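Beneath this line is the structure, given in structure tokens, with notes to follow.
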Amino acid sequence: MHAASASDLLIWYDRHRRELPWRAQAGERADPYRVWLSEIMLQQTTVQAVKPYFAAFLARFPDVQTLAAAPSEAVMNAWAGLGYYSRARNLHACAQAVVARHGGQFPDTEGALRDLPGIGAYTAAAVAAIAFGRVAAAVDGNVERVMSRLHGLEAPMPAGRGAVAAHTLAIVPADRPGDFAQALMDLGATICTPRKPACALCPWQAPCRARHAGAQESLPRKSPKKERPQRHGVAFVVLRADQAILLRTRPPKGLLGGMAEVPTSAWSAKLDPSQIVQDQPVTASWLTANTPVRHVFTHFPLELTVLCARVPALTEAPESARFTTLAELDNEPLSSLMLKVIEAGLATLGVKRGESQASIDAKEHNG
DNA sequence: CATACGTGGCA
DNA sequence: TTGCCAAGTAT
């Protein structure tokens, strides 16, 4: 058994590397803006989910100056549906910092990158290596898994991350640090997978400690997860006669920070019926949607009872809320949760999104 | 060091 | 259906 070498991995990578929209062609230097944008989007997010967002985001904000100058609502709108919205807020702040502090050029060292908003240890190393050819250990979930198995590391994550970083940094090749980082991630994503790893195809099968012990599926060890208590709430879908629905904007920080939502009650362990009347944004005759909206956040599942009502054309929005027409809804930064709620509410009211009141009237007339 | 922070796909 | 998981960061 020989030691794992970067060259064995790079030979495999040169033959099997994935083609991804944010990746440079073999042998070419990647654009730092694209590398950075993709790395932020890929945090805790699958390649498949990122692809369409990356393309749309790049078309809308082609460079760091454009992004820095954009209004925050536009950035949140472009991020809507991707999740972890503090990433979008920090992305915007980071673009502005790159323009203000670095003349519109991303800094080319791990340390300077680490000082920017939304860039932590992993992303700083990844951008430094991939975009600037710096020797750095970009330790993400893939690398934790690959290196834990390769060296038979038993320390549970994330406590064992330091040891993983040390093992990784020790074999980063000075001539191809960016390719090495991407090779490690490709290996973790396609061969050294969480379940049923394809060890027979692995360039590091010979030196792999876990494989020799038959323990590849039990590494890396992970700390036990916390329980996620169910929460309940009520959401109010208010449709005005001019086809506008009542929205408000959540506070900038915290859950779904800066995103638009329909008014809701507080989300608590038990649903208190007396809160419903108290929390209603306008006085109205409420219709309850047939089925509640269920949504699972990282740290709790949520069940929202959807109450809907039609209100007259001259109804004014209450303090800190606004009416937005259905035609303009695409411009709002609506989370996936709120899209579900709005769809359920409109369906209960007999309205399909994109369908005008005139066409509904015509349908009723014909039916 | 532990916890908050989204979403969709898959077994 | 339920639980796990995916290129982490901020506090």
Side-chain angles (χ1 to χ4, degrees), chain A residues 18 20-23 34-54 76 79-91 93-94 113-127 129-131 136-146 155-162 164-165 168 178 181-190 192-196 217 220 222-231 250-259 261 267 293-302 333-340:
Chain A
R18 292 177 292 174
L20 298 170
W22 42 87
R23 252 180 205 177
R34 294 180 182 224
V35 173
W36 163 72
L37 175 61
S38 69
E39 290 298 343
I40 303 297
M41 285 189 167
L42 286 161
Q43 290 168 4
Q44 299 293 286
T45 308
T46 58
V47 165
Q48 178 172 347
V50 165
K51 278 180 177 174
Y53 280 85
F54 180 79
M76 300 311 290
W79 204 271
L82 242 201
Y84 285 147
Y85 298 101
S86 67
R87 291 184 295 174
R89 214 166 43 246
N90 286 329
L91 185 88
C94 183
L113 287 161
R114 179 67 183 78
D115 288 336
L116 292 166
I119 297 186
Y122 162 76
T123 304
V127 174
I130 297 169
V139 179
D140 68 343
N142 288 304
V143 178
E144 284 181 357
R145 187 168 59 253
V146 169
M157 298 298 147
R161 180 169 274 226
V164 168
T168 305
Q182 294 173 94
L184 227 30
M185 290 188 272
D186 275 15
L187 187 70
T190 64
C192 195
T193 49
R195 284 162 301 196
K196 310 242 184 246
E217 294 215 53
K222 300 239 174 145
S223 310
K225 304 169 195 8
K226 246 188 70 175
E227 286 198 21
R228 307 182 304 173
Q230 174 88 44
R231 292 191 206 175
R250 293 178 64 90
K253 295 191 175 182
L255 187 68
L256 304 174
M259 300 296 283
E261 67 175 4
W267 305 345
V293 166
R294 295 174 198 284
H295 191 78
V296 182
F297 292 104
T298 304
H299 48 306
F300 66 93
L302 175 68
L334 291 164
S335 65
S336 294
L337 167 64
M338 282 303 142
L339 289 178
K340 286 189 208 172

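Residue numbers begin at 1 in each chain, while the letters A, B, ... track the order of the sequences. For clarity, every value in this text was computed on a predicted model and none was experimentally measured.
Distances shorter than 4.0 Å separate some side-chain N or O of A:Ser336 from OP1 or OP2 on B:dG8. In this model, the phosphate group of B:dT7 is approached by a side-chain N or O of A:Tyr85 to a distance below 4.0 Å at OP1 or OP2. The shortest distance between the side-chain N/O atoms of A:His299 and the OP1/OP2 oxygens of B:dA4 is not below 4.0 Å. A sub-4.0 Å separation between OP1 or OP2 of C:dG8 and a side-chain N or O of A:Gln44 is present. Dashed line: the shortest gap from a side-chain N or O of A:Ser86 to OP1 or OP2 of B:dA4 is not under 4.0 Å. For B:dA4, one of the phosphate oxygens OP1 or OP2 lies less than 4.0 angstrom from a side-chain nitrogen or oxygen of A:Lys226. Put simply, A:Lys253 has no side-chain N or O that comes within less than 4.0 Å of OP1 or OP2 on B:dC5. Residue A:His295 places none of its side-chain N or O atoms closer than 4.0 Å to OP1 or OP2 of B:dG6. Under 4.0 angstrom from either OP1 or OP2 of C:dA7 there lies at least one side-chain N or O belonging to A:Arg145.
Residue whose closest nucleotide on DNA chain B sits further toward the 5' end, between A:Arg195 and A:Phe297: A:Phe297. Heavy-atom nearest nucleotides on DNA chain B were determined for A:Gly254 and for A:Lys340, and the one closer to the 5' end corresponds to A:Gly254.
Within 4.0 Å of A:Val50, counting heavy atoms only, lies no atom of the nucleic acid at all. Note on A:Ile130: nothing from the nucleic acid sits closer than 4.0 angstrom, heavy atoms only. Contact annotation for A:Gly81: backbone-only contact, meaning every heavy-atom pair under 4.0 Å involves sugar-phosphate atoms and none involves a base. Among the heavy atoms of the strands, none lies under 4.0 Å from A:Val143. Within the nucleic acid shown, A:Trp79 has no heavy atom closer than 4.0 Å to any nucleic acid atom. Contact annotation for A:Thr123: backbone-only contact, meaning every heavy-atom pair under 4.0 Å involves sugar-phosphate atoms and none involves a base. Backbone-only contact: A:Pro117 has heavy atoms under 4.0 Å from sugar-phosphate atoms and none from a base. Nucleic acid contact for A:Ser38: none, since no nucleic acid atom lies under 4.0 Å from a heavy atom of the residue. At a threshold of 4.0 angstrom between heavy atoms, the contacts of A:Ile40 with the nucleic acid are absent. If you check every strand for non-hydrogen atoms under 4.0 Å, A:Ala138 touches nothing.
Because its NZ or CZ atom is not both nearer than 6.0 Å to the ring centre of A:Phe300 and within 45° of the ring axis, A:Arg228 does not count as a cation-pi partner of that residue.
As a whole-Å value, the separation of A:Arg231 CZ from B:dG6 P is 12 Å. Rounded to whole Å, atom P of B:dG6 lies 9 Å from atom CH2 of A:Trp267. For the pair A:Arg228 CZ and C:dT1 P, the computed distance is 15 Å after rounding to whole Å.
In the set C:dA10, B:dC5, C:dG8, the nucleotide with an atom closest to the side chain of A:Gln43 is C:dG8. For A:Tyr122, whose side chain is taken as the heavy atoms from C-beta onward, the closest listed nucleotide among B:dT7, C:dC5, C:dT9 is C:dT9. In the set C:dA6, C:dA7, B:dC5, C:dA6 carries the atom at the smallest distance from any side-chain atom of A:Lys222.
By the 30° and 60° cut-offs, the orientation of the rings of A:His299 relative to A:Phe297 is tilted.
No hydrogens or angles were tested; on distance alone, a donor-acceptor pair under 3.5 Å links the side chain of A:Thr45 to the base of B:dG6.
Between A:Glu144 and A:Arg161, at least one side-chain N (NZ, or NE/NH1/NH2) sits under 4.0 Å from a carboxylate O, which counts as a salt bridge. Here A:Arg145 does not pair with A:Asp140 in a salt bridge; the nearest charged N to carboxylate O distance is not below 4.0 Å.
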